[in-house]
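Since the structure comes first, as structure tokens, the remarks are kept for the end.
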Amino acid sequence: MRYSKMLIPTLKETPSEAEAVSHVLMIRGGYIRQLAAGLYISLPLFLRVMEKINTIIRQEMSRIGAQELSMPVLHPAEVWQKTGRWEAIGDEMFRLKDRTDRDMCLAMTHEEIMTWLAARELRSYRDLPQMWYQIQTKLRDEARPKSGILRTREFIMKDSYSFDADEEGLKKSYELHAHAYHRIFTRAGLIFYQVESDPGMMGGTTAHEFMAPSEAGEDDIAICGRCGYAANVELAVSVAPVHPTVDMPFEEVHTPDMRTVGEVSQYLKMQPHSFIKSLLLITKDGKPVLALVRGDEELHEKKMQYIIGLYRPAHKDEIVDILGVEAGFIGPVNMKNKEIRVIASTSLKSGLYAGGANKKDYHLKGINPEVHFQAEWHDIRVIHENEKCVICGAPLRIQRVIEIGNIFKLGTKYSVPLNAVYLNKDGAEVPIIMGSYGIGPARVAAAAIEQNHDENGIIWPVAIAPFAVTVLPLNVSDEETAKAADSICSALTAKGIDYLIDDRDIRPGIKFKDADLTGIPFQIVIGAKTLKEGLVEIKNRRTKETTKTAPDEAADFVSNLMIVM
RNA sequence: CGGGGCGUAGCGCAGUCUGGUUAGCGCACCUGCCUUGGGAGCAGGGGGCCGGAGGUUCGAAUCCUCUCGCCCCGACCA
């Protein structure tokens, strides 16, 4: 490919709207342009990267026996109404009406349509298992598109779906996908972790996410360096730091106007971890819940949500109404309202604590959990860096990550409402057991840049680079240079190596800068002086290492380097 | 949806507070000369409804009101 014929609009300056490294470099490198918030144009270079990534995905999906198909992006409402998601999903779904006033929506995912197809075409246990996937556009009216291509309103997703006869089959399909994902992300040159994740509203029991470390990410994971435990912090557990129990009598103490753990602990000259922090929450259906965490802990909103569903903190006057005492003095002992559900952090289970006395200006000391109050015990605390792994005791690390893929066990959440059933050996009608599995190819590209760049630009992993090699004839009007470039390009073509030749009649400095910025892994530099010595240079973009070789050996040389990488 | 910031040439910005010639700078672009191993130099040139609408004023990029867009933090993220 000739540089002069390709649209590669590189930028010397950083566009003001870009923050994330991958975003900046994709714009500067001439990979993408923004049309509107969360809507991007893929320029030729980026399309090549996406094709490389998608090719890897197709190869690995095919390896596990999945079949590619393609589904509409415009859906009738009825299918979504059957699973209840037409109502459950809010503004995030693009909705429209067709000319006959029929409700339609734009695909934000394809569980419904895949299941619809399965319901028509899969009838017997003999048809199972099946794995279907597509690489298709999804549309979501994101509340906040951000970080360039990382969170957009329209994006390509590889989504696959498994259809099995039973849980055993689902387990197998799930594991096949996990293995395929490991191969895909490894081949793409990424550092990544498979972590336990929230099955959440997707339904089902088990879910994992594939996470690529990067500061530009939106999630945090906890990782144990010793035993390999890894989980999204939304459900990560750790050993709570243990503090020796401070002996104290069970008694009320006067704490005038002392409300927060900080204030009371200072006033009573006690450590925050000797306190019970009490928070009154109101669930979606209006029921009060008292959440208890240790004074040195914070309540994890997501973890709490798994237990009680959506909720909000109680307002000040609600606290008085429900508990008969002002915020700051509430606690689990001697509650006026005995009907309240109490959920406590497991770290509070033993020891003696101080907490609100449910009486204005008073706290209680010497509270002995399970003696003085009853509660449901759950892990509801936010975990912190360096807390101990619950499996092996080694310190945990917290890492910011980009979610590049996820896998869900769906079970029958979609097959039952859409009547995707099959006849088993006994002739009984049974719902198909499903799984769904996603990869964001553009996020893979962005994560690759986040993980592979320097002050000069992108450094693509060879497998997903838009071109493996860029040929830089420094002076195209020099005849010898042009001849050497021609023969090197022919040799590269013969070897099946894709290359970009910078045939522009411009100063060498610009070629070097653009080559570094666009991040093609190998540069073959053809300079008039070096050529007189019968040599060209081959530069490794990542290591900056330069090797001189005869022009007719250059293609071989690069080919060998590619194998090593 | 809440909080903050920003809209002036393709890109990056100054000018706005304190209204007043023809709106300016760097890069990019076009022409010519020169130059060819890390975004050169000289000379000449083109390009602006100052996001939009309304208002105040003799006069608005600048002041006021409304509106649209983009970015960041948070909420949300099936």
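All chains are named by letter (A, B, ...) in the order of the sequence lines, taking the proteins before the strands, and each is independently numbered beginning at 1.
- B:rC6 atom P lies 15 Å from atom CD of A:E19, rounded to whole Å.
- As rounded to the nearest Å, B:rG48 and B:rU22 have C1' atoms that lie 13 Å from one another.
- Contact annotation for A:A88: base contact, defined as any heavy-atom pair under 4.0 Å involving a base atom.
- With hydrogens and angles ignored, the 3.5 Å screen pairs a side-chain donor or acceptor of A:D454 with a backbone N or O of A:G457.
- Counting all heavy atoms, side chain and backbone alike, A:E19 lies closest to A:V24 at O-CG2, 4.1 Å.
- In this structure, A:S147 reaches the sugar-phosphate backbone alone: every heavy-atom distance under 4.0 Å involves primed, P, OP1 or OP2 atoms, never a base.
- Using C1' as the reference atom, B:rC6 and B:rG47 are 24 Å apart when rounded to the nearest Å.
- Between the CG atom of A:D478 and the P atom of B:rU35 there is a distance of 15 Å, given to the nearest Å.
- Salt bridge A:E111/A:R85: present, at least one basic N to carboxylate O contact under 4.0 Å.
- With a cut-off of 3.5 Å on both Watson-Crick or G-U wobble distances, the partner of B:rC1 is given as B:rG74.
- In this structure, A:M434 atom CE and B:rA78 atom P are separated by 17 Å, rounded to whole Å.
- Taking atom CG on A:N475 and atom P on B:rA40, their separation rounds to 15 Å, with Å as the unit.
- Rounding to the nearest 0.5 angstrom, the gap separating the CG atom in A:L500 from the SG atom in A:C489 is 9.5 Å.
- For the OP1/OP2 pair of B:rG12 and a distance below 4.0 Å, the side-chain nitrogens and oxygens of A:S16 include at least one atom meeting the criterion.
- Side chain of A:Q451 to backbone of A:P213: a donor-acceptor contact under 3.5 angstrom is found.
- Between A:D164 and A:K171 there is no salt bridge, since no side-chain nitrogen of the basic residue lies less than 4.0 Å from a carboxylate oxygen of the acidic one.
- At a threshold of 4.0 angstrom between heavy atoms, the contacts of A:K511 with the nucleic acid are absent.
- Put simply, CZ on A:R504 is 22 Å from P on B:rU35, counting in whole angstrom units.
- The existence of a salt bridge linking A:D103 and A:K97 is confirmed by a sub-4.0 Å separation between a basic side-chain nitrogen and an acidic carboxylate oxygen.
- The base of B:rG38 is paired with the side chain of A:K539 by a donor and an acceptor separated by under 3.5 Å.
- Regarding contacts with the backbone of B:rG12, every side-chain N or O of A:T14 stays at 4.0 angstrom or more from both OP1 and OP2.
- A:T530 comes within contact range of at least one nucleobase, with a heavy-atom separation under 4.0 Å.
- If you check B:rA78, B:rG39, B:rC71 against the side chain of A:R85, the one that comes closest is B:rA78.
- Within the nucleic acid shown, A:R28 comes within 4.0 Å of at least one base atom, counting heavy atoms only.
- Across the strands present, B:rA40 finds no partner; the criterion is a Watson-Crick or G-U wobble pair with both atom distances under 3.5 angstrom.
- Within the shown strands, nothing qualifies as a pairing partner of B:rG59 under the Watson-Crick or G-U definition with both distances less than 3.5 Å.
- Across the P atoms, B:rG19 and B:rG10 are found 30 Å apart, a figure rounded to whole Å.
- Here the separation of B:rG15 from B:rG20, taken at their P atoms, is 14 Å to the nearest Å.
- Contact check on A:R312 versus A:E318 returns a salt bridge, with a Lys/Arg side-chain nitrogen under 4.0 Å from an Asp/Glu carboxylate oxygen.
- Contacts of A:L472 with the nucleic acid, taken as non-hydrogen atoms under 4.0 Å apart, are absent.
- For the pair A:I510 CD1 and B:rU35 P, the computed distance is 17 Å after rounding to whole Å.
- Each of A:P145 and A:L517 lies near RNA chain B, and the nucleotide nearest A:L517 is the one positioned closer to the 5' end.
- Across B:rC13 and B:rU65, the matching P atoms stand 27 Å from one another, rounded to whole Å.
- Annotation: B:rA28 and B:rC70 have their C1' atoms spaced 23 Å apart (nearest Å).
- Shown here, B:rG47 forms no base pair; nothing in the strands shown gives a Watson-Crick or G-U wobble contact with both key distances under 3.5 Å.
- Scanning atom types as modelled, no donor and acceptor separated by under 3.5 angstrom connect the side chain of A:E17 and the base of B:rG5.
- For A:R507, the listed nucleotide lying nearest its side chain is B:rU35; candidates were B:rA78, B:rU36, B:rU35.
- Taking atom P on both nucleotides, B:rG55 is separated from B:rC11 by 31 Å, rounded to a whole Å.
- The CG atom of A:L35 sits 12 Å away from the C1' atom of B:rG69 (whole-angstrom rounding).
- Using a 4.0 Å heavy-atom cutoff across all strands shown, A:E301 reaches no nucleic acid atom at all.
- Nucleotide B:rG7 is matched to B:rC68 when pairs are restricted to Watson-Crick or G-U wobble geometry with both distances under 3.5 angstrom.
- In the set B:rG12, B:rA40, B:rA75, B:rA75 carries the atom at the smallest distance from any side-chain atom of A:R144.
- Looking at heavy-atom distances under 4.0 Å, A:A143 makes contact with a base.
- For A:D516 and B:rG38, a side-chain-to-base donor-acceptor distance below 3.5 Å is present, hydrogens and geometry of angles not being considered.
- Among the protein residues, A:Q34 comes within range of the sugar-phosphate backbone only, with heavy atoms under 4.0 Å from sugar or phosphate atoms but none that close to a base.
- For A:K529 and A:E142, each mapped to the nucleotide of RNA chain B holding its nearest heavy atom, the one lying further toward the 5' end belongs to A:K529.
- At a threshold of 4.0 angstrom between heavy atoms, the contacts of A:D91 with the nucleic acid are absent.
- Base pairing annotation: B:rG24 forms a Watson-Crick or G-U wobble pair with B:rC13, both donor-acceptor distances under 3.5 Å.
- At least one side-chain heavy atom of A:I27 sits under 4.5 Å from a side-chain heavy atom of A:H23.
- Among the protein residues, A:I27 comes within range of no part of the nucleic acid, since none of its heavy atoms lies under 4.0 Å from any strand.
- A:R140 comes within contact range of the sugar-phosphate backbone alone, with a heavy-atom separation under 4.0 Å but no base atom that close.
- Nucleotide B:rG10 holds its C1' atom 14 Å from the NZ atom of A:K12, rounded to whole Å.
- Closest to the A:K513 side chain, of the nucleotides B:rG39, B:rU35, B:rC70, is B:rG39.
- Nucleotides B:rU8 and B:rA53 are separated by 15 Å at their P atoms, to the nearest Å.
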